[in-house]
Number of protein chains: 2
Amino acid sequence: MSVGPNIAIIAGLVGDPARAGMLSALMAGRALTASELAQVAGVTVQTASSHLSKLSDGGLIVARKQGRHRYFTLSGDDVAQVLEGLMGLAERTLAKPVRTGPKDPGLRKARICYDHLAGEMGVGLFSACVERGFIKDGAEDLELTKKGRDFFTDYGLDMAALQNARRPVCRPCLDWSARRTHLAGGLGAAILTHFTDRKWAWRVPDTRVIEFSPKGLKEYRALCPA
Amino acid sequence: MSVGPNIAIIAGLVGDPARAGMLSALMAGRALTASELAQVAGVTVQTASSHLSKLSDGGLIVARKQGRHRYFTLSGDDVAQVLEGLMGLAERTLAKPVRTGPKDPGLRKARICYDHLAGEMGVGLFSACVERGFIKDGAEDLELTKKGRDFFTDYGLDMAALQNARRPVCRPCLDWSARRTHLAGGLGAAILTHFTDRKWAWRVPDTRVIEFSPKGLKEYRALCPA
DNA sequence: GACATGCTTCGATCGTACTCGAACTATTCA
DNA sequence: TGAATAGTTCGAGTACGATCGAAGCATGTC
């Protein structure tokens, strides 16, 4: 077997509070600089630098250099997915100590998960896409139907670009708060971008919470009649 | 936010090689005693005892006392799912160091994941169920169709019991080797049990590999014509 | 009752790695 | 060129936890 040690290495990387904080912050999908990450983790930049090297060596994050800044992001949505899973376990098993703050309900309702919508509204979006026949669970995980492609093209998304990208267009992501699937992948990201570009929705600063304008809510309901 | 510390606690539990080994062993779904787990982890029973307390306190495993033995199992398939996810990351990010041993191909082909079939054959089973219309991706994750219920009742499974159980009948589980979904949940477990009860398939001792008899292979093909 | 087995608790040892201050490199701006 | 900002490297201090020997409880067996 000996698969144990390998997962221990990865889990160990996530197992430090400072690094876990950084990864959580990166779940928001935005690229962050080393100093920003140091701040969210509550450590000095020297310490952060060391952690970031480790995360990078471990392949969980990737760095992009831009001028005198280094921007970090998660290395993929598979990382985000595991982090969501860990949050789900923490929620279930640690039970009591969580259950905090006023921000929690907002998080459950709508939040960003790497680069797509999660929480109740994310789950609702996924359900709607399936019910309206835009997405179908084929052999290969999720499949975009012709109907779905046509609909989202009309909707204003650049579907050709999505389908040419290396990233899967549709991908399921298990929601830690709702315990159900929400829509990840290129399409999930594109839909959220569509909303934020039009100021129908935005991120509450320093949180993963997503807020919708009245117009945005209406647009969401048009998309997800359920 | 402060969700960071919580996931760090859980990840930290998995982040120790001895504990990771124990959890991996428990992925096989069988209940194991404290001494057995000590052996697979390569530590003394005292050390193992300490680790098992921590895992238990953290809610990742549950203990059942039976005579002078204590049997441990994972506390649920959500734990198994996160472990699979971590294996996937280890596979992708650590790349080189893995890729070992002769057992690996067997593992990729067919292995047990907690209590259901995983690997290529597990993914194949899931595809077949979807293609044959037994399972449908409804709003609530996966849904057993009437057709599926009828089919598996004829097949000899106690579907009423499955549907009365608290555990979801169908549940997707992301496969670390095939990177696609395989079938978990009560139905996934029941199908595997159906095979092992009839000696159509069995576990290779001390591994997670599942081997099929010629008869078992034939039965599998009948179920998954693809 | 005496003994063996399975497991836990206690205590001491030992490493590992998290941490930060200080010094160093690289980029930008004036 | 010099000053400011972003980030890394180095070294030392520290603490936490993994480990095992020894002793202590249970449970089962003779």
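The structure displayed is predicted, hence computed values, not measured ones. Lettering of chains follows the sequences in order, A, B, ..., and the numbering in each one begins at 1.
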Listing, residues 54-62 of chain B side-chain donor-acceptor contacts under 3.5 Å, not counting sequence neighbours, or none:
none

Distance-only donor-acceptor pairs under 3.5 Å for side chains of residues 36-52 of chain A, two or more places apart:
| from | atom 1 | to | atom 2 | distance (Å) |
| --- | --- | --- | --- | --- |
| A:E36 | OE1 | A:T33 | N | 2.8 |
| A:E36 | OE1 | A:T33 | OG1 | 3.3 |
| A:T44 | OG1 | A:Q46 | OE1 | 3.1 |
| A:T44 | OG1 | A:T47 | N | 3.4 |
| A:T44 | OG1 | A:T47 | OG1 | 3.1 |
| A:H51 | ND1 | A:R19 | NH1 | 3.1 |

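Atom-to-atom, CG of A:L37 to C1' of D:dT8 comes out at 15 Å; the value is rounded to the nearest Å. Separating the NZ atom of B:K65 from the P atom of C:dT8 is a distance of 8 Å, rounded to the nearest angstrom. Going from atom NE2 of A:H51 over to atom C1' of C:dT16 covers 14 Å, rounded to whole Å. Residue B:D16 contributes atom CG, which lies 11 Å from atom P of D:dC20 at whole-angstrom precision. Summarising the geometry, the separation between CE on B:M22 and P on D:dA18 is reported as 11 Å, rounded to the nearest angstrom. The distance from atom CG of B:L13 to atom C1' of D:dC16 is 15 Å, rounded to the nearest whole Å. What separates CG of B:L55 from P of C:dT8 is a distance of 12 Å, to the nearest Å. A straight line from CG of B:L52 to C1' of C:dG6 spans 13 Å, rounded to a whole angstrom.
For C:dC18, the OP1/OP2 oxygens have a side-chain nitrogen or oxygen of A:K54 closer than 4.0 Å.
Between B:E211 and B:R111 no salt bridge is recorded (no basic side-chain N to carboxylate O distance below 4.0 Å).
Using a 4.0 Å cut-off on heavy atoms, the residues of residues 40-48 of chain A that approach DNA chain C are A:V43, A:T44, A:Q46, A:T47, listed by number.
Under the rule for a side chain to side chain donor-acceptor pair (under 3.5 Å), A:T73 has no partner lying at least two apart in sequence or in another chain. Residues passing the side-chain contact (heavy atoms from CB on, under 4.5 Å) test with A:S53: none are found, sequence neighbours excluded.
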Give me, pair by pair, the N or O atoms of the protein and of nucleotides 4-6 of chain D that are less than 3.5 Å apart, along with how far apart they are.
| from | atom 1 | to | atom 2 | distance (Å) |
| --- | --- | --- | --- | --- |
| D:dT5 | O2 | A:R68 | NH1 | 3.3 |
| D:dA6 | O3' | A:R68 | O | 3.2 |

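A:Y71 contributes no side-chain N or O that, together with a main-chain N or O of A:A63, makes up a donor-acceptor pair within less than 3.5 Å.
The aromatic rings of B:H182 and B:H116 sit tilted, their planes meeting at an angle between 30° and 60°.
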